[in-house]
Engineer: 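One structure, pasted below without further comment.
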Amino acid sequence: VLVFAAAMLWLIATAPSRSLSVYYIAAGLLYLLAVVVGGLALVVDEQTGFLGGRTFNVLPAHLMLGFVGWGVQIVFGVSYKLAPMFSLAHVRDERPGWLCFGLLNGGLILLAIGLLDGLSMPMCLMPFGLILAAILVFVVGLVRTLHTRLRRTLDPTQWHGLAGLAFLLAAGLTGARYATTGSSYWWLAGRAATVLGLMILLGFLAQTIVGYTYKIVPFLVWNQRFAPLIGKAKVPMMHGLISKRLAWMTLGLYNGGLILLLAAVLWDQSLISAASIPLAASTWIFAANLVAVFRPIAKGTSHEQRHGV
């Protein structure tokens, strides 16, 4: 991880120009390094106790920098590049993106300092509010981007992105609610930590990645397998490599299953296994849809023979 982060930061530092997305990625990599250092400190503290009883100060800062500083920030940065591209929209004003960047990182740094200093979450509400404001700026910006799109019909990629943002907003509001209870260690409560983790990891991060995968993988396969055949043989459309029916089915099962799982965690944990079934089924359907995308590569030579190439 350290070598990867260092190599990526070196490439960014030596690049002749840097877009808005690159700054998000660079900041995310710095947080990743901080997460690794924090994780190592927690492991060493388990054996030596060198943190002097400050474990529960380091741990929430460690989790916040990992989930939000690394995970959410990287997705934000990538989205500022891919969302306009995939929806055929042109973003002329990058100021909301820079505002989001400043709010997100200012809030993260202040919140991490407050947590490390032992302040209770109610005392950290101001930086927490900055992070929530950054999320709202990002959501409004993405909605405006989709509003100006040339491709008018929203496909599963955009719907996964919108659903992910809904879960991210829900996670922010849920965290704010728990933080105002006055307890410094609210995040140690099993239900609170589980619900927030599911919303951020599965609801936002994983779901956004699923949506972008529907565009990225077919693009790579099509360029590898069919681009050289243009003008020589009949080639399929790029969007035809993904089954839309399975993609819509995945969208419904994934989000419906995640809502059921969250409800089970909150109100009846005996139903967690049953509530997980639709979510698990959606991952298998998603995997089957992706496997089918690679089928043309596996059939490579036979495809050329059939078309006389």
Side-chain angles (χ1 to χ4, degrees), residues 24 27-28 31-32 35 59-80 83 100-101 103-112 114-115 120-122 124-143 159-181 183-212 251 254-267 269 272 275-276 279 282:
Y24 276 89
Y31 288 121
L32 178 61
V35 169
L59 184 55
H62 173 73
L63 294 174
M64 182 65 68
L65 294 181
F67 284 156
V68 182
W70 162 244
V72 173
Q73 180 142 226
I74 290 294
V75 171
F76 277 13
V78 172
S79 295
Y80 274 119
C100 176
F101 182 81
L103 290 171
L104 181 65
N105 289 285
L108 275 169
I109 293 171
L110 291 175
L111 184 57
L115 292 172
S120 64
M121 281 302 293
C124 296
L125 282 182
M126 189 275 285
F128 200 87
L130 293 178
I131 295 173
L132 279 177
I135 294 173
L136 288 173
V137 170
F138 178 79
V139 171
V140 172
L142 183 61
V143 171
W159 281 113
H160 272 295
L162 291 172
L165 290 177
F167 278 111
L168 183 62
L169 281 172
L173 294 174
T174 302
R177 175 186 175 276
Y178 280 119
T180 55
T181 60
S183 170
S184 300
Y185 303 118
W186 61 269
W187 45 272
L188 287 177
R191 291 186 180 183
T194 302
V195 166
L196 285 176
L198 288 172
M199 285 182 176
I200 295 175
L201 291 177
L202 297 185
F204 176 65
L205 296 178
Q207 173 149 231
T208 305
I209 292 170
V210 166
Y212 286 148
L251 176 68
Y254 189 95
N255 288 284
L258 184 52
I259 291 172
L260 289 175
L261 181 58
L262 290 170
V265 170
L266 286 173
W267 292 296
Q269 297 186 20
I272 288 178
S276 302
L279 186 61
S282 71

Engineer: Within a strict 4.5 Å, meaning less than it, do heavy atoms of the L279 and L202 side chains meet?
Structural biologist: yes

Engineer: Taking all non-hydrogen atoms of both residues into account, name the closest pair between A112 and A61 and its distance.
Structural biologist: O-CB, 4.2 Å

Engineer: Walk me through it: do L169 and L136 pass the test side chain to side chain contact (heavy atoms under 4.5 Å, CB included)?
Structural biologist: CA-CA 8 Å; L169 281 172; L136 288 173; 3.6 Å; yes

Engineer: Closest approach of N255 and L251, non-hydrogen atoms and distance?
Structural biologist: ND2-O, 2.9 Å

Engineer: The criterion is ring-ring contact (aromatic ring centres under 6.0 Å, His included); which residues satisfy it with F138, sequence neighbours excluded?
Structural biologist: F76, Y80

Engineer: Taking side chain to side chain contact (heavy atoms under 4.5 Å, CB included) as the test, write out the residues that go with I209, two or more places apart.
Structural biologist: T213

Engineer: To the nearest 0.5 Å, what is the distance between CG (L173) and CG (L132)?
Structural biologist: 6.0 Å

Engineer: Is there a side chain to side chain contact (heavy atoms under 4.5 Å, CB included) between L104 and V68 once you walk through the steps?
Structural biologist: CA-CA 9 Å; L104 181 65; V68 182; 3.9 Å; yes

Engineer: L142 and A83: which non-hydrogen atoms are nearest, and at how many Å?
Structural biologist: CD1-CB, 3.5 Å

Engineer: Restricting to side chain to side chain contact (heavy atoms under 4.5 Å, CB included), what partner residues turn up for L162, sequence neighbours left out?
Structural biologist: L146, L154, W159

Engineer: Kindly list each side-chain donor-acceptor pair under 3.5 angstrom involving residues 256-266, sequence neighbours excluded, with atom names and distances?
Structural biologist:
none

Engineer: Looking at CG of L110 and CG of L130, how far apart are the two atoms once the value is rounded to the nearest 0.5 Å?
Structural biologist: 6.5 Å

Engineer: Using atom types as modelled and distance alone, determine if a side-chain donor or acceptor of Y31 lies under 3.5 Å from a backbone N or O of M64.
Structural biologist: no

Engineer: Who pairs with F101 by side chain to side chain contact (heavy atoms under 4.5 Å, CB included), at least two apart in sequence or on another chain?
Structural biologist: Y23, Y24, A27, Q73, W98, N105

Engineer: Checking I74 now: which residues fulfil side chain to side chain contact (heavy atoms under 4.5 Å, CB included) with it, not counting sequence neighbours?
Structural biologist: I25, W70, V78

Engineer: Side chain to side chain contact (heavy atoms under 4.5 Å, CB included), that's the test. Do L168 and V75 meet it? Break it down for me.
Structural biologist: CA-CA 12 Å; L168 183 62; V75 171; over 6 Å; no

Engineer: Who pairs with S79 by side chain to side chain donor-acceptor pair (under 3.5 Å), at least two apart in sequence or on another chain?
Structural biologist: Y212

Engineer: Kindly compute the distance separating OG1 (T174) from CG (L198), expressed to the nearest 0.5 Å.
Structural biologist: 11.5 Å

Engineer: Suppose the criterion is side chain to side chain donor-acceptor pair (under 3.5 Å): which pairs have a residue in residues 160-170, not counting sequence neighbours?
Structural biologist: H160-Q207

